[in-house]
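Heads up, the thing below is written out as structure tokens.
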Amino acid sequence: MSDKTLSSLEGGERITTLESHIIESQREIPGASGAFSTLLSSIGLASKIISREVRRAGLFDILGLTGDTNVQGERVTKLDIYSHNLLARMMSRCGQVCGMASEEHPDFMPVSSDLPRGRYLVCFDPLDGSSNIDVNAAIGTIFGIWRSKSSPEDCTEKDVLQSGNEIVGAGYIIYGSSTIFVYSSGRGVHGFTLDPSIGEFLLSHRDIRTPKRAKIYSCNEGNSYRWNDEGMRRFVSYLKSENNATGKPYSGRYIGSLVADFHRNLLDGGVFIYPGDKKKPGGKLRLLFEAAPLAYICEQAGGAASTGWERMLDITPKKLHHRVPLIIGSRLDVEDGERFMQGQPLPGEAAAALTGIK
Ligand code: AHM
Ligand code: MG
């Protein structure tokens, strides 16, 4: 990441905004109409507004807000619902979308027939990890974009039930120490840091590549006693041992906020695990809103994502809120995780390293 400030860039590098990057990358695609760029820009704008609201979240109590009404007598909405409403409103009015689905809404949301509609479908988690807001930990927005197979007028819920292989673009925004917008439209993964003083996302992470081998593992290990698969417990024991493929125990890092855990692992190399357990046998995380968009980004950056049995992008959802077990991150570790889950031997020296792993 470049740490140069605007003032130190005099006469030097070109500054690329999210907007100009989107437009330029679409220009390289023959026949691109600009519709996709318009949609991404509307998500970018919504995320700046969400970022502003997230930054003010800690002031709610100080400003004397009670219940659902603030000091000006305005209604105060929970941030995740606010983010859902804002994204849904901005995308349905950008003219390029025919339908949406959100983690915060039970049903498919077709764009109203009195608005101009386009051919894109968007699935999003407006504010993932929102239980972390009260403790000031990083949270995020996740989105995936698909093309409707039906015409914009006829699109229904079944159009959105597509596998991740059909994704045309995906991204996430992390509201952390900075706000960063990361996206891919199939030509690498790029990250843009919000400069709040000018209100622009500036290219800060060009063509992100994730390390092949992780040094971090991320999971809610407190749940390990109830994980469905003994193979997953063995995998985590293996990662923690000195006898693993790297010869060093992995570091455990878990925020409990998927975007934040994923972003750190993407940059530094890591494997994030959320398996099925006795409470949620099919896993906790949602395919359309969380797992598939992040799997797309991860693969674009050279990583991998799997349920432990199946490549994540190959799965066709059976319903909007379809949940999946998730192993995502550095490719070699995701592959090892699959081997443990499926009871297959590890290749080469990693197999010898298994001595003593129960
Ligand atoms: P949410 O979509 O309701 O916010 O839940 C998803 C979050 C993820 O951000 C995170 O990875 C996971 O739930 C944490 O779950 P747990 O608290 O069980 O470890
Ligand atoms: Mg979520």
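Counting convention: from 1, in listed order, for ligands and their atoms alike. Here the structure is a predicted model, which means the values were calculated and not measured.
At most 12 non-hydrogen atoms from other residues, nucleotides or ligands lie less than 6.0 angstrom from CG of Asn136. Residue-environment remark: CZ (Arg52) exceeds the threshold of 12 foreign heavy atoms within 6.0 Å. Annotation for Arg226: atom CZ counts as buried by contact number, over 12 foreign heavy atoms lying within 6.0 Å.
Glu103 OE2, 2.8 Å is the protein heavy atom nearest to atom 2 (O) of ligand 1. For atom 6 (C) of ligand 1, the closest non-hydrogen atom of the protein is Asp128 OD1, 3.4 Å. Of all protein heavy atoms, the one lying nearest to atom 10 (C) of ligand 1 is Gly256 O, 3.4 Å.
Look at Tyr254 and you'll find a heavy atom under 4.0 Å from some atom of ligand 1.
Near Glu290, meaning under 4.0 Å from one of its heavy atoms, ligand 1 places the atoms 2 (O), 6 (C). Here is the list of ligand 1 atoms found below 4.0 Å of a heavy atom in Ser257: 9 (O). Ligand 1 places these atoms under 4.0 Å from at least one heavy atom of Tyr274: 15 (O), 16 (P), 18 (O), 19 (O). Near Asn220, the atoms of ligand 1 lying under 4.0 angstrom from a non-hydrogen atom of the residue are 16 (P), 18 (O), 19 (O). Residue Ser130 has at least one heavy-atom neighbour below 4.0 Å for each of these atoms of ligand 1: 4 (O). The distance from ligand 1 to the heavy atoms of Asp125 drops below 4.0 Å at these ligand atoms: 2 (O).
Between Phe181 and His190, the ring centre distance reaches or exceeds 6.0 Å. Not less than 6.0 angstrom separates the ring centroid of Tyr172 from the ring centroid of Phe143. If you look at Tyr120 and Phe36, their ring centroids are closer than 6.0 Å. For His105 and His84, the ring centers sit closer than 6.0 Å to each other.
For Glu290, the N, O or S atom with the smallest separation from the Mg ion (ligand 2) is OE2. The atom of Asp128 that is an N, O or S and sits closest to the Mg ion (ligand 2) is OD1. Taking the Mg ion (ligand 2) as reference, Asp125 places its N/O/S atom OD2 nearest. When you scan the N, O or S atoms of Glu103 for the one nearest the Mg ion (ligand 2), you land on OE1.
The shortest N or O to N or O distance between Phe272 and ligand 1 is not under 3.5 Å. Distances between N or O atoms of Lys284 and those of ligand 1 include at least one value under 3.5 Å.
For the pair Ser306 and Met312, the minimum side-chain heavy-atom distance is 4.5 Å or more. Looking only at side-chain heavy atoms (C-beta outward), Thr17 and Leu203 stay at 4.5 Å or farther from each other.
Evaluated by nearest non-hydrogen atom to atom 4 (O) of ligand 1, the leading choice among Ser218, Gly129, Gly222 is Gly129.
Tyr175 is connected to Leu86 through a chain of hydrophobic side-chain contacts under 4.5 Å among Ile, Leu, Val, Met, Phe, Trp and Tyr, so both are in one cluster. Hydrophobic clustering, with ILVMFWY side chains joined whenever heavy atoms are under 4.5 angstrom apart, groups Leu79 together with Met90.
At a heavy-atom distance under 4.0 Å, atoms from both the backbone and the side chain of Leu258 approach ligand 1. Residue Asp261 does not touch ligand 1, judged by heavy-atom distances below 4.0 Å.
Taking the six-membered ring where the residue is Trp, His21 and Phe192 present perpendicular rings, their angle passing 60° and hence far from 30°.
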